[in-house]
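What follows is a single structure, written as structure tokens, with notes after it.
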Amino acid sequence: MTQSQPTALTIGNFDGVHAGHAALFREVVSAADRMGLVPTVVTLNPHPKEFFDPTYRLQRITTFRDRVVAMKNCGIRQVVVLPFDKAMASLPPESFVKDVLCRQLNARQIWVGDDFRFGARRAGDYHLLKSLSPAMGFQVNDLPEVQINHQRVSSSQIREALNKGDVSTAQAMLGHPLCYSGHIIHGKKLGRKLGFPTMNLRIQGRASALSGILAVWVHGLDANPLPAVASLGLRPTVEDSNQILLETFIPGWTGNAYGKRVTIEVAQHLRPELKFDSLDAMVNRMHQDTATALNILKTAPSHL
Ligand SMILES: Cc1cc2nc3c(=O)[nH]c(=O)nc-3n(C[C@H](O)[C@H](O)[C@H](O)COP(=O)(O)O)c2cc1C
Ligand SMILES: Nc1ncnc2c1ncn2[C@@H]1O[C@H](COP(=O)(O)OP(=O)(O)O)[C@@H](O)[C@H]1O
């Protein structure tokens, strides 16, 4: 790997790119501007917990791609994805600092939390990073803490809210609407037979923090956002796979969306996904869901 331009960097997963992450990125970007450094995010893929435990299912708030777009919107110019493999997992913490952060990424300013751990057996911590900094020519900075309603904003708090279907609490902590973007793929072609054609988006990752039936706004098909109803999850009535899909039905719309890039903005959670005894029972419920969603969206405008 060739050496990067001198960087101001922070390391993490940054799932959701929430209000706390945004505050941190503002600091990174403003310091980088002052000092002529490239504002950089370093992230690991796959997540170390998923690497060590193939059965662990990290509940994602946003997709990797949406995370990168949100980072760029905060002014981050470089996102470095380090493959987390056997070699990375066994790298001594000093080598991670020397070879990766200094030699490859040319770090001059670094932000990590005081609970940050790195290197083989998670032996490296904030104090080790700080003690190496004078010799290596970088400075270590503390993270700003962002609170909402006297609570520290964190990805785990947001996951907890989304698990309960509490989209509005999650959005308050995110500081922006919860969105899923991507290209529309082909599904099982069952939807149109049921009278509910659905645009399908693949949601990568082993698990999603939010699942269930949702009132949503669709961006990217029309000049205005379109009100719609969506299902996010594994479709237990019709499928037996682990592929998480976001399927969106737009009432009254008759176009072709395959291959198009859309953004689905979540307005409200309606109910969990259910395993119905028959397709008829599911279709009946989908009619009710559609009416409920359209009603909610009359007074829940898009915030994008
Ligand atoms: C409003 C709505 C509600 C849905 N609810 C459920 C559900 O509770 N359980 C389920 O297994 N699938 C549910 N689905 C997903 C349907 O099973 C899926 O959209 C249908 O099988 C069409 O699949 P296809 O797009 O691959 O053809 C729902 C879809 C929509 C649009
Ligand atoms: N009102 C609509 N809402 C969503 N998709 C629609 C609508 N009308 C037409 N479509 C098109 O139909 C496709 C979905 O049909 P469907 O039978 O569910 O197939 P698939 O299994 O590929 O999703 C969408 O990807 C889109 O291109």
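Start at 1 and go down the list; that is how both ligands and their atoms are numbered. If you're wondering where the values come from, they're calculated on a predicted model, not measured in any experiment.
Contacts of ligand 1 (protein heavy-atom distance under 4.0 Å) are Gly187, Lys188, Lys189, Leu190, Gly191, Thr198, Asn200, Ile213, Val229, Ser231, Arg235, Pro236, Thr237, Val238, Glu247, Arg271, Glu273, Leu274, Phe276, Met282, Met286, Asp289.
Close contacts between ligand 2 and Lys189 involve ligand atoms 17 (O), 19 (O), 20 (P), 21 (O), 22 (O) [criterion: under 4.0 Å to a heavy atom]. Atoms of ligand 2 found under 4.0 Å from any heavy atom of Asn256 (numbered from 1 in listed order, with element): 27 (O). If you number the atoms of ligand 2 from 1 as listed, the ones under 4.0 Å from a heavy atom of His186 come out as 22 (O). The atoms of ligand 2 that sit less than 4.0 Å from any heavy atom of Ile250 are 1 (N), 2 (C), 3 (N), 4 (C). Those atoms of ligand 2 with a heavy atom of Thr248 less than 4.0 angstrom away are 4 (C). Less than 4.0 angstrom separates some heavy atom of Asn200 from each of these atoms of ligand 2: 23 (O).
Counting heavy atoms closer than 4.0 Å to ligand 2, residue Lys188 contributes backbone atoms (N, CA, C, O) but none from C-beta onward. If you look at Thr198 next to ligand 2, the close heavy atoms, those under 4.0 Å, come from the backbone and the side chain alike. Of all the heavy atoms of Ile184, the ones lying under 4.0 Å from any atom of ligand 2 belong exclusively to the side chain.
Taking the centre of each ring, Phe84 and His47 stay at or above the 6.0 Å mark. Between Phe118 and Phe96, a ring centre-to-centre spacing shorter than 6.0 Å is recorded. Two rings, from His287 and Phe196, have their centers less than 6.0 Å apart.
Looking only at protein heavy atoms, the nearest one to atom 5 (N) of ligand 2 is Met199 CG, 3.5 Å. The protein atom (non-hydrogen) at minimum distance from atom 12 (O) of ligand 2 is Pro197 CB, 3.8 Å. Looking only at protein heavy atoms, the nearest one to atom 26 (C) of ligand 2 is Ala257 N, 3.6 Å. At the top of the distance list for atom 8 (N) of ligand 2, counting protein heavy atoms only, stands Trp253 O, 3.3 Å. When hydrogens are left out, the protein atom nearest atom 15 (O) of ligand 2 is Arg192 NH2, 3.2 Å; that is the closest non-hydrogen contact. At the top of the distance list for atom 19 (O) of ligand 2, counting protein heavy atoms only, stands Tyr258 OH, 3.2 Å.
Here the shortest heavy-atom pairing between Leu234 and Gln243 reads CD2-O, 3.6 Å. Nearest approach of Ala267 to Val167, heavy atoms of both residues: O-CG1, 4.1 Å.
Using a 4.0 Å cut-off between charged side-chain N and carboxylate O, Arg60 and Asp15 make no salt bridge. Checked for salt-bridge contact, Asp53 and Lys49 miss the test: no charged N lies under 4.0 Å from a carboxylate O.
The CG atom of Leu194 sits 5.5 Å away from the CE atom of Met282 when rounded to the nearest 0.5 Å. Between Glu50 atom CD and Leu44 atom CG the span is 12.0 Å, to the nearest 0.5 Å. Note: Glu239 CD to Leu190 CG = 9.5 Å, rounded to the nearest 0.5 Å. Between the CG atom in Leu37 and the CD atom in Gln78 there is a gap of 11.5 Å [rounded to 0.5 Å]. For the atom pair OG1 (Thr63) and OH (Tyr180), the distance works out to 9.0 Å, reported to the nearest 0.5 Å. Between His18 atom NE2 and Ile148 atom CD1 the span is 9.5 Å, to the nearest 0.5 Å.
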Take Asn163 and Gln59 through the test side chain to side chain donor-acceptor pair (under 3.5 Å) and record every step on the way to the result.
CA-CA 9 Å; Asn163 280 178; Gln59 295 203 355; 2.6 Å; yes
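Inclusion of Thr254 in the set of residues having an N or O under 3.5 Å from an N or O of ligand 2 is not warranted.
Nearest residue to atom 10 (N) of ligand 2 from Gly191, Gly187, Gly255 is Gly255 (criterion: closest heavy atom).
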